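To start, the structure itself, in structure tokens.
Note that this is a predicted model, so its numbers are computed, not measured.
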Amino acid sequence: MSKNKIPQRLLGSILFFIFLGCQPGKESPKVIQGILDLRQWNFQTDGNISLDGEWEFYWNELLPDTKSKDGSSSISYIKVPSKWDKGRNVVHKYPSYGFASYRAKVLLPEASTQLSLKISSISSSYTLFVNGKEISKGGNIGKEESEYSPGYKPGVFSFISDKPELDILIHVSNYKYSNGSGIWNPIQLGSTSDIQQLSLRATMLDSITFGTLFVMSLYHFTFYLMRRRDPSALFFAVLCLCIALRVSFYGERIFYNVFPIFKNYEFSVRGEILFLFLLLPGTILYVQSIFKEQFRKDKVFNIIFYLSLLLVFSATFLPTKIYTMSFFINSLEIMMLGVLTYLFFRLAFMSLKKVEGARICFFSLVVNLITVANDVLYLNKFIDSFYMVPYGVLALVLSQCVLLASRFSKGFVLAEDLGEELKRLNVNLEQIVVERTENLNESLKLLKGDLSLAKKLQQKTLPTLNLNGKNVSIHPYYLPMSEIGGDYYDIFELEPGYFRLFLVDATGHGVQAALLTMTIKAEFESIKFVKDQPSRILELLNAACCQKYRSINIIFSAVLADIDLNNNVLYYSSAGHPPQVLKQKQEGADYLYSRGPIIGLKKEATYKNVTVPLLPGNRIFFFSDGIFEEFDQEKKEFGENRVLSILSRNTGIQEVAEDLISELQIFVGPRGFQDDVTLLAVEVH
């Protein structure tokens, strides 16, 4: 197969799968004049449903959550999803700023059903009621701007319907965002497990997209530092970073629950719009750096570039009401459409002329145009498909990586040839070695900086718990073998007086193990609040890991313990984890045993639950195997007996824990730890 035919065949394969995904599916019921009839809908077999259609709409009214329809309210209908002030789905357009109520009645096949709603962006503050009960709230609803504060709160919200119908009422107000008000995105309704899976898949896709783009950005920025003559790597790194940050501010808003700053409306909207505006000048700079002769002095590109800088300036310095106006958004869309159209014809012509790199750029552009067209048709319900823009973005990134790698490869080949020639000419290579060493040291410095950032991010994922006024004290100690480690723990109060502790020891060390712990954390987040025995939680976690990650063999040991201070009981279960330590007040310490297979080995694994009564003064020590599986200079193991002896001391619990860590550090000596060390010291008061 010739190299020239590879892009065409890849494009044909992508088109085939797109058309395959556009086959008509089962007709989904729609909301008609405020009523959605799901009495013939089975959530288990038919899946989730979007609450699209004609909702009741009450302009400048905030209906009480217990108020039924009557003649005092002016009922009209509006398409959902849509913006109440613009869009082809809106017959009667309302002012951008104001408040309104949305209402829809859903007829269910049965009562006492546990369901969930998945909410995305609602502009720009809302309160959600289901059957008269407030379920979620983003920002503060206000009839006046002085009473109002904007706020995003996306997520999955669960409830149980005690009757065979749902009365869904949503208050919405907007006095801040100029480019559209109301319910923009579909609201998904379905069983709790299906909706959570839907949200998890979307979050994982956004996380993978963000991670891939972020790593590519760091990779090509490092490339640029090593070879600064060619700015294409720098512009590509900046473009990848802008797309990655745009992903983090939009869609599932993957950092919403991680960093508090992402919950700030002003910060979130400004970041969302700013990185969207930066895509246009970033694209132009990158294309000009790749094809210097063809685009460096191109008047069309230069004019659009300087106009796009005005958009970036508006999103950086102007108030939210101004830079979110339709004028700025529409200007970006027009300029982007113009650039893509212009690029399409120019790259097609350059491909025919066999300009280096033109064909792969043309191929990636066609793929992105196809995915954008697919999403537009799917969003407007013309076809039954799925969102493909994230895949198009990844295809763009990968294709450009191939292009840059090809250019750099040729540069390296040329450098090797020159090196051989210099050897033949007996040129002094010492200076070259020094320069290359400096470059490597610079790269190493960057990598250390990246690891330092990764360490801070990993530390951010570890929980902080305020135990003031509680009858328990918990002292965590986390000492990774390197910058980042493969241990992870979580501590939280499931309900007043009821604490849950989760400790994981992933196989391996360093970056690989740290990535595994992030995956384990994501899975545990979906089940951590389930009120069941620890053994059952471990069974759910094991089943999920075996099903989803069988191909990559995620294997880890874990221990899960519930401390019930209301009944003075410890519930404990282990999955391949070493026995933990319990110390009674007047007795020595002893091991807690609960045997169970390591998670990830067997899909149908079962775990045992151990119940231990607790008294004031009791201490429980949870730790990873790095505590006793450490060796000194003579290859002697620290050992379980030594650990048990230290933890049996009757001094303060913090002093006992710190003594254990200190003696362990002295024992291993200058060689340092050979495994990650985690210790959770718990005392009941």
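For Arg500 (side chain) and Lys528 (main-chain N/O), a donor-acceptor pair under 3.5 Å exists by modelled atom type. Panel note: side chain Tyr256, backbone Tyr152; a donor-acceptor pair is recorded below 3.5 Å. For the pair Tyr591 (side chain) and Glu640 (backbone), a donor-acceptor distance under 3.5 Å is present. Of the possible polar contacts, one joining the Glu493 side chain to the Gly497 backbone as a donor-acceptor pair under 3.5 Å is found. Side-chain N or O atoms of Gln674 include one that pairs as donor or acceptor with a backbone N or O of Phe631 at under 3.5 Å. Remark: side-chain polar atoms of Asp625 are not paired, donor with acceptor, to backbone N or O of Ile627 under 3.5 angstrom. Judged by distance alone, the side chain of Ser207 and the main-chain N or O of Thr203 form a donor-acceptor pair under 3.5 Å. A distance-only check finds no donor-acceptor pair linking the side chain of Tyr607 to the backbone of Ser594 [under 3.5 Å]. With hydrogens and angles ignored, the 3.5 Å screen pairs a side-chain donor or acceptor of Asn566 with a backbone N or O of Pro496. Looking at Ser50, its side chain never comes within 3.5 Å of a backbone N or O of Ile187 through a donor-acceptor pair.
Paired with Asn131 under the rule side chain to side chain contact (heavy atoms under 4.5 Å, CB included), one option of Leu169, Leu166, Ile160 passes, and it is Leu166. Screening Thr192, Asp194, Asn48 for a side chain to side chain donor-acceptor pair (under 3.5 Å) with Ser116, the sole residue that qualifies is Thr192.
A salt bridge does not link Glu539 with Lys603: every distance from a Lys NZ or Arg NE/NH1/NH2 to an Asp or Glu carboxylate oxygen is 4.0 Å or more. Between Arg649 and Glu663 there is a salt bridge, since at least one side-chain N of the basic residue sits less than 4.0 Å from a carboxylate O of the acidic one. Under the 4.0 Å criterion applied to side-chain N and carboxylate O atoms, Lys548 and Glu523 are assigned as salt-bridge partners. Salt-bridge check for Lys118 with Glu252: passed, with a basic side-chain N closer than 4.0 Å to an acidic carboxylate O. By the 4.0 Å N-to-carboxylate-O rule, Arg642 lies too far from Glu637 to be salt-bridged with it.
Rounded to the nearest 0.5 angstrom, Leu582 CG and Leu592 CG are separated by 5.0 Å. For the atom pair OH (Tyr572) and CD1 (Ile563), the distance works out to 12.0 Å, reported to the nearest 0.5 Å. The CG atom of Leu644 lies 10.0 Å from the CZ atom of Phe621; values are rounded to the nearest 0.5 Å. To the nearest 0.5 angstrom, Lys133 atom NZ is 10.0 Å from Asp162 atom CG. Distance OG/Ser574 to CZ/Phe622: 10.5 Å, rounded to 0.5 Å. The NE2 atom of His475 lies 10.5 Å from the CG atom of Leu679; values are rounded to the nearest 0.5 Å.
Taking every heavy atom of both residues into account, Ala605 and Pro597 meet most closely at CB-CG, 3.5 Å.
Shown here is Tyr219, whose OH atom has no more than 12 heavy atoms of other residues, nucleotides or ligands within 6.0 Å.
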Worksheet entry | Candidate pair Leu680 and Ile491, rule side-chain contact (heavy atoms from CB on, under 4.5 Å), full reasoning | CA-CA 10 Å; Leu680 305 178; Ile491 309 170; 4.2 Å; yes

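Classification of the Phe259-Phe262 ring pair by plane angle, with boundaries at 30° and 60°, yields tilted. The aromatic rings of Phe623 and Phe628 sit perpendicular to each other, their planes meeting at more than 60°, with 30° as the lower class boundary. Below 30°, between 30° and 60°, or above 60°: for Tyr571 and Tyr498 the angle between ring planes is below 30°, a parallel geometry.
Because its NZ or CZ atom is not both nearer than 6.0 Å to the ring centre of Tyr126 and within 45° of the ring axis, Lys153 does not count as a cation-pi partner of that residue.
Side-chain contact of Arg536 with Ser573: a donor-acceptor pair under 3.5 Å is absent, judged by distance alone. No hydrogens or angles considered: nothing links the side chains of Asn618 and Glu683 as a donor-acceptor pair under 3.5 Å. Residues Asn542 and Lys602 bring no donor and acceptor atom of their side chains to less than 3.5 Å of each other. With 3.5 Å as the limit, one finds no donor-acceptor pair spanning the side chains of Ser624 and Asp505.
Residues Phe502 and Phe524 place their aromatic rings such that the two centres sit under 6.0 Å apart.
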